[in-house]
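Beneath this line is the structure, given in structure tokens, with notes to follow.
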Amino acid sequence: MPSRTGRDGRSAALPTFRRVLAASYLGVTTVTDVTDGVLHTLFHSEQGGHEQVVLCQDRASGLKAVIAIHSTALGPALGGTRFYPYASEEEAVADALNLSRGMSYKNAMAGLDHGGGKAVIIGDPEQIKSEELLLAYGRFVASLGGRYVTACDVGTYVADMDVVARECRWATGRSPENGGAGDSSVLTAFGVFQGMRASAQHVWGDPTLRGRKVGVAGVGKVGHHLVEHLLSDGAEVVITDVREESVRRITGKHPRIAVAADTDALIRTEGLDIYAPCALGGALHDESVAVLTAKVVCGAANNQLAHPGVEKDLADRAILYAPDYVVNAGGVIQVADELHGFDFDRCKAKASKIFDTTLAIFARAKDDGIPPAAAADRIAEQRMAEARRR
């Protein structure tokens with residue numbers, strides 16, 4: 001094992017890439033194993049600014065998780081739990097940092113009294129997910145004493161939150177049978193649809209999607225609900241998904257829907273009006289933007305911009321980008337409402353306002369001469385700053 005010279009001049013046998021911290025809360029040990037690169041991100045980079053990051057491990061169940069709290073300026077941090085087979089622990093930490101930061105902005109733009117947080121569980125949920133693991137995860141969330149409220153995300157479902165809630169009262173997205181609101185993907189898709197309508201209004205002067213060709217990449221939990229909204233509004237829909245069963249679920253019900261071989265083929269589709277990325281993040285990067293045929297990007301995926309500057313590349317190509325964390329806020333509106341006694345009609349009314357919020361962002365972008373993503377950031381940051389001054 002390599003050595004490192006400490007501040008006292010003595011050499012210590014420590015790994016060159018990490019520092020290990022441990023703390024106990026209510027009988028639960030929180031183990032933090034943070035790389036030097038992550039520490040630099042937290043304390044020195046524009047991606048940092050997080051209030052707290054906790055890496056959790058339960059050897060008995062195989063749980064390895066990251067809980068990242070970006071901000072509690074507006075209230076307890078709220079954001080889902082992603083269960084995904086990351087290539088490395090570092091990749092998992094980076095995802096938690098990015099996603100939690102995005103949740104701060106999403107919750108601010110949605111008008112919620114919540115800050116931003118996110119958790120990721122490392123591993124293939126189809127291989128390692130178990131009741132024991134979810135209960136252990138629930139204990140870690142509970143150890144934060146309400147600073148973080150969790151919910152569903154990629155790889156986690158209503159039934160999982162029911163298990164987590166057995167150890168933690170700060171779990172939302174539970175089943176109606178267990179006092180929850182059920183599947184949040186319904187209102188997530190509805191909100192994206194409202195953002196898409198606002199985009200159509202801005203570009204073509206009419207909020208209807210009738211006759212527009214819309215490409216949906218990812219027709220899983222949210223995407224398949226979005227497809228139904230689009231078809232009901234008269235849109236022509238093209239879909240793709242890495243999971244064949246997800247595609248079959250759509251084409252079995254709507255056999256006339258076109259299917260693209262993959263996302264690369266979808267974004268090159270001739271005559272595409274709107275591209276809706278509804279799978280994992282990073283869908284908009286240098287290569288994809290260069291070949292994208294659509295005039296509008298509006299989808300449910302989080303963190304769609306692969307790196308800073310992509311939003312300008314879209315603007316330079318006269319492609320309107322509806323900021324992801326604005327249009328996909330329907331789900332978080334639902335799970336936040338669950339904390340106060342869920343009412344679907346009340347939530348749907350709040351999610352309907354995504355249409356007006358999206359239009360306001362486009363107007364701000366035009367007035368300030370900046371891309372919509374930057375305009376949304378300014379509005380969200382203003383609300384968080386005002387909350388900190390109170």
Anything under 30° is parallel, anything over 60° is perpendicular, the rest tilted; go ahead and classify His340 against His114.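 Correct class here is tilted.
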Quick one about Tyr325 and Asp377 (side-chain donor to acceptor, distance below 3.5 Å, no hydrogens or angles considered), yes or no?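 There is such a pair (donor and acceptor under 3.5 Å, judged by atom type) between the side chains of Asp377 and Tyr325.
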Asp264/Arg268 salt bridge by N-O under 4.0 Å criterion: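 Yes, this pair counts.
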Between Asp113 and Arg383, is there a salt bridge with N-O shorter than 4.0 Å?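 Judged by the 4.0 Å cut-off on N to carboxylate O distance, Arg383 and Asp113 do form a salt bridge.
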Salt bridge (Lys or Arg N to Asp or Glu O under 4.0 Å): which pairs involve residues 53-81, sequence neighbours left out?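 Qualifying pairs: Lys64-Glu89.
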Remaining members of hydrophobic cluster (4.5 Å side-chain criterion), Ile370: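 Reading the cluster by chain and number, Ile370 sits alone, since nothing else belongs.
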Is it true that atom CZ of Arg346 has more than 12 heavy atoms of other residues, nucleotides or ligands lying nearer than 6.0 Å?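 Check passes, neighbour count above 12.
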What pair of heavy atoms forms the shortest contact from Pro372 to Ile361, and how long is it?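 Pro372 and Ile361 have their closest heavy atoms at O-CG2, 3.4 Å.
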Considering only distance and modelled atom types, tabulate donor-acceptor pairs under 3.5 Å from the side chains of residues 287-302, sequence neighbours left out.
residue: Glu287; atom: OE1; partner: His285; partner atom: ND1; Å: 3.0
residue: Ser288; atom: OG; partner: Ala283; partner atom: O; Å: 2.9
residue: Ser288; atom: OG; partner: His285; partner atom: N; Å: 2.9
residue: Ser288; atom: OG; partner: His285; partner atom: O; Å: 3.2
residue: Thr293; atom: OG1; partner: Ile267; partner atom: O; Å: 3.3
residue: Thr293; atom: OG1; partner: Thr269; partner atom: O; Å: 2.7
residue: Asn302; atom: OD1; partner: Lys106; partner atom: NZ; Å: 3.3
residue: Asn302; atom: OD1; partner: Asn328; partner atom: ND2; Å: 3.0

Can you give each donor-acceptor pair under 3.5 Å made by side-chain atoms of residues 163-173, sequence neighbours left out, with the distance rounded to 0.1 Å?
residue: Arg166; atom: NH1; partner: Glu131; partner atom: OE2; Å: 3.0
residue: Glu167; atom: OE2; partner: Arg139; partner atom: NH1; Å: 3.4
residue: Thr172; atom: OG1; partner: Thr150; partner atom: O; Å: 2.9

Do any side-chain atoms of residues 212-221 form donor-acceptor pairs under 3.5 angstrom with protein atoms, and if so which ones, sequence neighbours left out?
residue: Lys213; atom: NZ; partner: Glu270; partner atom: O; Å: 3.1
residue: Lys221; atom: NZ; partner: Asp153; partner atom: O; Å: 2.9
residue: Lys221; atom: NZ; partner: Thr156; partner atom: O; Å: 2.8

Run the side-chain donor-acceptor check on residues 197-206: report pairs under 3.5 Å with partners two or more places apart or on a different chain.
residue: Arg197; atom: NH1; partner: Gln194; partner atom: OE1; Å: 2.8
residue: Ser199; atom: OG; partner: Gly195; partner atom: O; Å: 2.9
residue: Asp206; atom: OD1; partner: Thr208; partner atom: N; Å: 3.1

